[in-house]
Amino acid sequence: MTSAKTPPSLFDLPPEIAEARDWAHGFAEKYVRPVAAEYDEREEMPWAVIEEAAKVGLYTPEFALQIIADPTGLLQPVVAEEIFWGDGGMGQALLGTFLPAAALFGAATKEQIDTWLPAFFGTPGDLAVAALCASEPDAGSDAAAIRTHARYDEATKQWVLNGTKTWATNGGIAGIHVVNAVTDPALGARGHALFLIPPGTRGLSQGQKFSKHGLRASHTAEVVLDDVRIPADLVLGGKDALDQRLATAREGSRVRVPAAMATFELTRPGIGAMAVGVARAAYEYALEYAGVREQFGRPIIDNQAIAFTLADMAMEIDAARLLVWRASHMMMRGKPFTRAEGSMAKLKASEVAVRTTERAVQILGGNGYTRDYPVERWARDAKIFTIYEGTSEIQRLAISRALSGRRIR
């Protein structure tokens with residue numbers, strides 16, 4: 001316990017955040033790790049585990065609101081790290097709904113949040129998941145190239161959406177789909193808006209379900225929109241605000257970052273935390289393995305090649321975590337990422353996850369390459385962090401532009 005004469009360390013978590021971390025770790029240890037390999041092998045959504053998370057309060061709209069209201073900004077990254085320490089694929093299945101929830105919080109009116117957030121999660125016994133549909137077959141990193149179009153029908157006071165989305169976590173199986181669409185093609189990305197597609201809306205269907213290299217317990221699919229009609233008030237932020245923003249853009253004035261892009265900037269520290277969780281899992285397993293695995297009459301950790309590798313792994317994980325915490329804290333305080341701190345956190349953590357899991361496989365040798373040991377699964381899971389929600393190349397572009405003030409291409 002810290003004495004009255006010793007102020008808390010800058011890096012001590014507040015007690016309530018440390019308690020939440022331990023709670024999430026206990027859940028991951030009890031419910032996620034024991035069945036992770038099974039769900040990965042079957043490529044199946046872990047509904048039973050999500051149900052347990054809902055029962056204990058980990059998968060609820062109330063917890064999402066608690067994360068948003070956390071003044072430190074650390075609740076989300078410490079919980080995400082622990083859940084992904086349990087398993088990347090199941091972590092994505094458990095926390096995938098929090099991405100569209102972040103879009104809702106970032107772009108919606110209070111009335112829209114109050115009305116729709118409960119439907120994102122459902123309730124124990126009647127679970128739901130939500131999906132954010134942003135990428136398209138020909139528009140990934142180039143978000144301005146999306147073609148999904150939203151047309152307002154004055155006669156019916158409805159939006160009509162057409163297009164195909166891809167790489168959507170929970171796509172097609174979600175109750176609520178949050179869809180990024182073009183409202184004015186002449187404005188490029190400035191003409192984008194986010195739309196809520198309620199459960200059972202005609203014209204929305206699941207396309208191809210992807211069989212993935214990693215995160216196999218998470219459902220990823222295409223979403224097809226064929227004359228999907230929704231009420232006028234289901235554009236996030238409201239139609240009046242959208243009309244005003246479009247008018248401002250048409251006049252040539254600057255407008256705020258489109259909602260989907262703003263969502264990704266806000267969630268990048270969270271993605272970094274997930275990557276740290278996977279990296280830490282691999283590091284801890286390799287450290288324990290190196291202490292008991294013997295070659296040439298002694299544990300392999302007694303060899304500098306192994307010991308130094310583990311030292312580098314531990315150092316890189318700590319560095320990545322601190323970048324994540326900094327960005328998360330800045331975001332909650334409303335401080336802008338003037339030096340692309342969100343991108344720094346995501347870039348560092350994602351590449352640390354890839355290097356750490358690869359080194360863990362190497363330390364385990366042949367065992368690490370088999371499915372009898374979890375490090376090969378973590379290595380497969382880790383790679384996605386350098387790709388989704390902005391590739392490593394896109395993060396470096398964002399950082400270099402922020403630092404130089406130049407339009408680097």
Side-chain angles (χ1 to χ4, degrees), residues 21 24-29 31-41 43 46 49 53 58 76-96 98-99 169 212-218 220 267-289 309-310 312-325 327-328 345-364 368-369 371 373-392 395:
R21 176 198 59 199
H25 183 85
F27 181 89
E29 192 170 41
Y31 292 105
V32 175
R33 281 218 167 170
V35 294
E38 176 185 346
Y39 280 107
D40 175 80
E41 185 68 27
E43 297 187 71
V49 179
L58 183 61
Q76 193 269 351
V78 300
V79 168
E81 178 180 334
E82 297 306 325
I83 297 300
F84 274 71
W85 170 89
D87 181 67
M90 294 181 69
Q92 185 70 21
L94 278 164
L95 301 185
F98 287 81
L99 176 60
T169 297
K212 305 188 299 294
H213 176 64
L215 302 189
R216 288 158 55 94
S218 171
T220 308
T267 57
R268 280 170 184 162
I271 298 299
M274 297 171 185
V276 170
V278 173
R280 196 184 101 218
Y283 159 72
E284 290 176 358
Y285 198 95
L287 177 65
E288 181 178 356
Y289 181 91
T309 297
L310 288 162
D312 286 342
M313 291 160 73
M315 175 183 62
E316 292 291 301
I317 290 168
D318 279 8
R321 182 186 296 109
L322 289 174
L323 283 172
V324 166
W325 285 7
S328 297
K346 198 265 188 185
L347 174 63
K348 179 66 174 179
S350 63
E351 299 203 339
V352 165
V354 170
R355 288 195 299 270
T356 299
T357 54
E358 286 180 347
R359 287 168 171 173
V361 170
Q362 190 71 24
I363 288 171
L364 268 69
Y369 201 65
R371 294 196 176 182
Y373 293 79
V375 292
E376 68 83 28
R377 184 175 74 252
W378 294 329
R380 287 188 284 108
D381 289 345
K383 184 56 191 171
I384 192 61
F385 296 115
T386 67
I387 299 173
Y388 75 170
E389 294 197 41
T391 64
S392 290
Q395 307 309 325

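The residues of the chain are indexed from 1 along the displayed sequence.
Ion pair Arg380/Asp40 flagged as a salt bridge, since at least one NZ, NE, NH1 or NH2 atom sits closer than 4.0 Å to an Asp/Glu carboxylate oxygen. Remark: Lys348 engages Glu316 in a salt bridge, criterion side-chain N to carboxylate O under 4.0 Å. Salt-bridge formation is detected for the pair Arg321/Glu81: a Lys NZ or Arg NE/NH1/NH2 atom is positioned less than 4.0 Å from an Asp or Glu carboxylate oxygen.
Shown here are the ring-ring contact (aromatic ring centres under 6.0 Å, His included) partners of Tyr373, two or more places apart in sequence or in another chain: there are none. Tyr39 is linked by a ring-ring contact (aromatic ring centres under 6.0 Å, His included) to nothing, counting only residues two or more places apart in sequence or in another chain. With sequence neighbours left out, Phe98 forms a ring-ring contact (aromatic ring centres under 6.0 Å, His included) with Phe121.
Counting heavy atoms from C-beta on, the side chains of Asp87 and Val35 never come closer than 4.5 Å. For the pair Leu215 and Met274, the minimum side-chain heavy-atom distance is 4.5 Å or more. Under the 4.5 Å side-chain criterion, counting only non-hydrogen atoms from C-beta, Ser392 is in contact with Ser350. Between Trp325 and Val78, some side-chain heavy-atom pair lies under the 4.5 Å cut-off. Contact annotation: the side chain of Met315 never approaches that of Asp318 to less than 4.5 Å [non-hydrogen atoms, C-beta and beyond]. With contacts defined as side-chain heavy-atom distances shorter than 4.5 Å, the pair Val375/Ile363 does not qualify. The closest side-chain heavy-atom distance from Thr357 to Lys383 is not below 4.5 Å.
Heavy atoms of other residues, nucleotides or ligands lying less than 6.0 angstrom from CD of Gln362 number 12 at most. Other residues, nucleotides and ligands place no more than 12 heavy atoms under 6.0 Å from the CD atom of Glu288.
Residue Met313 comes nearest to Ala360 through the heavy atom pair CE-N, 4.2 Å, listed as atom of the first residue, atom of the second, then distance. In this structure, Arg33 and Glu29 approach most closely via the heavy-atom pair CB-O, 4.3 Å. The two atoms that bring Ala327 and Pro269 nearest to each other are CB-CG, 3.6 Å, heavy atoms only. Taking each heavy atom of Gly86 and Val32 in turn, the nearest pair found is C-CG1, 3.6 Å. In this structure, Val354 and Ala382 approach most closely via the heavy-atom pair CG2-O, 3.8 Å. Taking both residues in full, the closest heavy atoms of Gly91 and Ile83 are given as CA-CG2, 3.6 Å, listed atom of the first, atom of the second, then distance.
Using cut-offs of 30° and 60° for the angle between ring planes, the Trp85 and His25 rings count as tilted.
A donor-acceptor contact shorter than 3.5 Å is absent between the side chain of Lys346 and the backbone of Gly270. With hydrogens and angles disregarded, no donor-acceptor distance shorter than 3.5 Å links the side chain of Arg280 to the backbone of Glu82. For the pair Gln395 (side chain) and Gly390 (backbone), a donor-acceptor distance under 3.5 Å is present. Remark: the backbone N or O of Ala353 is not paired with any side-chain donor or acceptor of Thr356 at under 3.5 angstrom. No side-chain donor-acceptor contact under 3.5 Å links Asp381 to the backbone of Gly214.
With values rounded to the nearest 0.5 angstrom, Phe84 atom CZ is found 7.0 Å from Ile271 atom CD1. With rounding to the nearest 0.5 angstrom, the OH atom of Tyr283 is 11.0 Å from the CG atom of Asp312. With rounding to the nearest 0.5 Å, the separation of OG1 in Thr267 from CD in Glu389 is 4.0 Å. In this structure, Leu58 CG and Leu95 CG are separated by 7.0 Å, a value rounded to the nearest 0.5 Å.
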Evaluate Thr169 against Ser218 for side-chain contact (heavy atoms from CB on, under 4.5 Å), listing each step before the verdict. CA-CA 7 Å; Thr169 297; Ser218 171; 3.8 Å; yes
Might you work through the side-chain contact (heavy atoms from CB on, under 4.5 Å) test for Phe385 and Val276, ending with a clear yes or no? CA-CA 10 Å; Phe385 296 115; Val276 170; over 6 Å; no
Chi angles and distances behind the side-chain contact (heavy atoms from CB on, under 4.5 Å) call for Ile384, Gln92: CA-CA 11 Å; Ile384 192 61; Gln92 185 70 21; over 6 Å; no
Under the criterion side-chain contact (heavy atoms from CB on, under 4.5 Å), I'd like the reasoning laid out for Glu376 against Leu364: C-alpha separation, chi angles, the key distance, then a yes or no. CA-CA 10 Å; Glu376 68 83 28; Leu364 268 69; over 6 Å; no
